[in-house]
Engineer: 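Just dropping this structure here.
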Amino acid sequence: MHKAKKQSFFNDVYEVVKCIPAGRVSTYGAIAHYLGLRSGARMVGWALNHAVALPEVPAHRVVNCHGMLTGKRHFGSPDRMAELLRQEGIQVENDCVQDFKNIFWDPAKELNI
DNA sequence: TTCCTGACTTCGC
DNA sequence: AGCGAAGCCAGGA
C-alpha cells in the first residue's frame with residue numbers, strides 16, 4: 001500500500017462527511033460502504049479522529065449504526081458532540097440520536113459522485 | 001515482526 | 001429482542 005492511497009481514503013471520508021447536511025446524521029458503516037470498503041467502518045472513525053481539527057468536517061454528524069454518540073469522548077468535552085447536534089435541531093437523549101432512522105443520511109442514496 | 005487496541009458491524013445464541 | 005463473539009483494517013509498542 002502506498003501513502004497516496006491512504007491519503008485518498010482520508011480525503012474521500014472528509015468529502016463525504018462534508019456533504020452531510022445540518023440536521024442529518026450518517027454512520028461509519030454507510031460511509032465505509034459508500035467508499036467501497038467491506039468493513040472499514042473502524043477506519044472511517046479512525047480517519048475522523050484526525051478530522052476534529054478540521055472545522056470544515058462536521059465529524060459530530062457521524063454516529064454508529066444504532067445512532068449512538070460513540071465518538072463523543074473525542075470532542076474535548078464529553079457533551080460537546082451532543083450540544084453541536086442539538087444546535088442543528090437534532091434531539092439527543094442519553095447519548096443516543098432520537099428519530100435516528102428518519103434523519104439518517106445515506107451517501108449511497110442521497111449523494112451521487 | 002507479533003500483539004494489542006480502536007469514533008464499528010454483523011452473525012449466532 | 002438483547003447480548004456476546006468474531007471479523008475487519010491500520011497504527012503503535
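Only this structure's heavy atoms are used, side chains among them; waters, hydrogens and symmetry mates stay out. Letters A, B, ... mirror the listed sequences (proteins, then strands); counts begin at 1. Not measured: the values here are computed from a predicted model.
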Engineer: Mind calculating the distance between NE2 (A:H50) and C1' (C:dA10) to the nearest angstrom?
Structural biologist: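 Roughly 10 Å, once rounded to whole Å.
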
Engineer: Nearest-Å distance, CE (A:M68) to P (B:dG6)?
Structural biologist: 17 Å

Engineer: What I want to check is whether an N or O donor and acceptor connect the side chain of A:R42 with the base of C:dG7 at under 3.5 Å.
Structural biologist: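 Indeed there is one.
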
Engineer: What integer distance in Å separates A:M43:CE from C:dG7:P?
Structural biologist: 16 Å

Engineer: How many whole angstroms separate atom CH2 of A:W46 from atom P of B:dA7?
Structural biologist: 13 Å

Engineer: Of A:F10, A:F9, A:Y28, which meets ring pair (Phe, Tyr, Trp, His ring centres under 6.0 Å) against A:W46?
Structural biologist: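 For A:W46, the ring pair (Phe, Tyr, Trp, His ring centres under 6.0 Å) test succeeds with only one of A:F10, A:F9, A:Y28, which is A:F10.
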
Engineer: Is there a path from A:L48 to A:L37 through hydrophobic residues (I, L, V, M, F, W, Y) whose side chains come within less than 4.5 Å of each other?
Structural biologist: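 Linked, A:L48 and A:L37 end up in one cluster.
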
Engineer: Counting any heavy atom closer than 4.0 Å, what does A:N64 reach on the DNA or RNA strands: base, sugar-phosphate only, or nothing?
Structural biologist: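 If one applies the 4.0 Å heavy-atom cut-off, A:N64 turns out to touch the sugar-phosphate alone, with no base involved.
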
Engineer: With sequence neighbours left out, what residues match A:R86 under salt bridge (Lys or Arg N to Asp or Glu O under 4.0 Å)?
Structural biologist: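 Residues passing salt bridge (Lys or Arg N to Asp or Glu O under 4.0 Å) with A:R86: A:E83.
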
Engineer: Any side-chain N or O of A:T70 under 4.0 Å from OP1/OP2 of B:dC8?
Structural biologist: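 Answer yes for this pair, as a side-chain N or O of A:T70 is under 4.0 Å from OP1 or OP2.
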
Engineer: If a pair satisfies salt bridge (charged side-chain N to carboxylate O under 4.0 Å, His left out) and one of its residues is in residues 46-67 of chain A, list it, with sequence neighbours excluded.
Structural biologist: A:R61-A:E88

Engineer: Could you state the CZ-C1' distance from A:F9 to B:dA7, rounded to the nearest angstrom?
Structural biologist: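 Roughly 12 Å, once rounded to whole Å.
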
Engineer: When you measure from every atom of DNA chain B, which of residues 85-94 of chain A have a heavy atom less than 4.0 Å away?
Structural biologist: none

Engineer: With sequence neighbours excluded, give me every side chain to side chain donor-acceptor pair (under 3.5 Å) pair touching residues 17-27 of chain A.
Structural biologist: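 For residues 17-27 of chain A, and leaving out neighbouring residues, the side chain to side chain donor-acceptor pair (under 3.5 Å) pairs sorted by first residue read A:E15-A:K18, A:R24-A:E110.
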
Engineer: Quickly work out the A:F10 CZ to B:dA7 C1' distance and round it to whole Å.
Structural biologist: 13 Å

Engineer: Counting side-chain heavy atoms from C-beta on, which of B:dT9, B:dG6, B:dA7 comes nearest to A:V52?
Structural biologist: B:dA7

Engineer: Quick one: does A:L111's side chain get under 4.5 Å of A:W105's, heavy atoms only?
Structural biologist: yes

Engineer: Treating A:Y14 as the side-chain partner and A:A47 as the backbone partner, does any N or O pair qualify as donor plus acceptor under 3.5 Å?
Structural biologist: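 Side chain of A:Y14 to backbone of A:A47, a donor-acceptor pair under 3.5 Å: yes, one is there.
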
Engineer: If I take atom CG in residue A:N49 and atom C1' in nucleotide B:dC8, what distance separates them, rounded to the nearest angstrom?
Structural biologist: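 Going from A:N49 (CG) to B:dC8 (C1'), I get 14 Å.
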
Engineer: Reckon A:V44 touches a base, only the sugar-phosphate, or nothing at all at heavy-atom distances under 4.0 Å?
Structural biologist: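 No contact.
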
Engineer: Side chain of A:L48: nearest nucleotide among C:dA10, B:dA7, B:dT9?
Structural biologist: B:dA7

Engineer: Output every pair passing ring-ring contact (aromatic ring centres under 6.0 Å, His included) with a member in residues 68-91 of chain A, not counting sequence neighbours, ordered by first then second residue.
Structural biologist: none

Engineer: For DNA chain B, which residues of residues 72-82 of chain A approach it to below 4.0 angstrom with any heavy atom?
Structural biologist: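 Going residue by residue through residues 72-82 of chain A, the ones with a heavy atom under 4.0 Å of DNA chain B turn out to be A:R73, A:H74, A:F75.
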
Engineer: Under 4.0 Å, heavy atoms only, any strand: does A:A47 hit a base, just the sugar-phosphate, or nothing?
Structural biologist: nothing

Engineer: May I have the list of side-chain donor-acceptor pairs in residues 92-103 of chain A shorter than 3.5 Å, sequence neighbours left out?
Structural biologist:
| residue | atom | partner | partner atom | Å |
| --- | --- | --- | --- | --- |
| A:D95 | OD1 | A:K72 | NZ | 3.0 |
| A:D95 | OD2 | A:K72 | NZ | 3.2 |
| A:Q98 | NE2 | A:C96 | O | 3.1 |
| A:D99 | OD2 | A:N102 | ND2 | 3.3 |

Engineer: Can I get a per-line list of side-chain donor-acceptor pairs under 3.5 Å for residues 62-71 of chain A, giving both atom names and the distance, sequence neighbours left out?
Structural biologist:
| residue | atom | partner | partner atom | Å |
| --- | --- | --- | --- | --- |
| A:N64 | OD1 | A:H66 | N | 3.1 |
| A:N64 | OD1 | A:G67 | N | 3.2 |
| A:N64 | OD1 | A:M68 | N | 2.8 |

Engineer: In whole Å, what is the span from the CG atom of A:D95 to the C1' atom of B:dC8?
Structural biologist: 17 Å

Engineer: Look at the side chain of A:H66 and decide which nucleotide, out of B:dA7, B:dT10, C:dC9, has an atom nearest to it.
Structural biologist: B:dT10

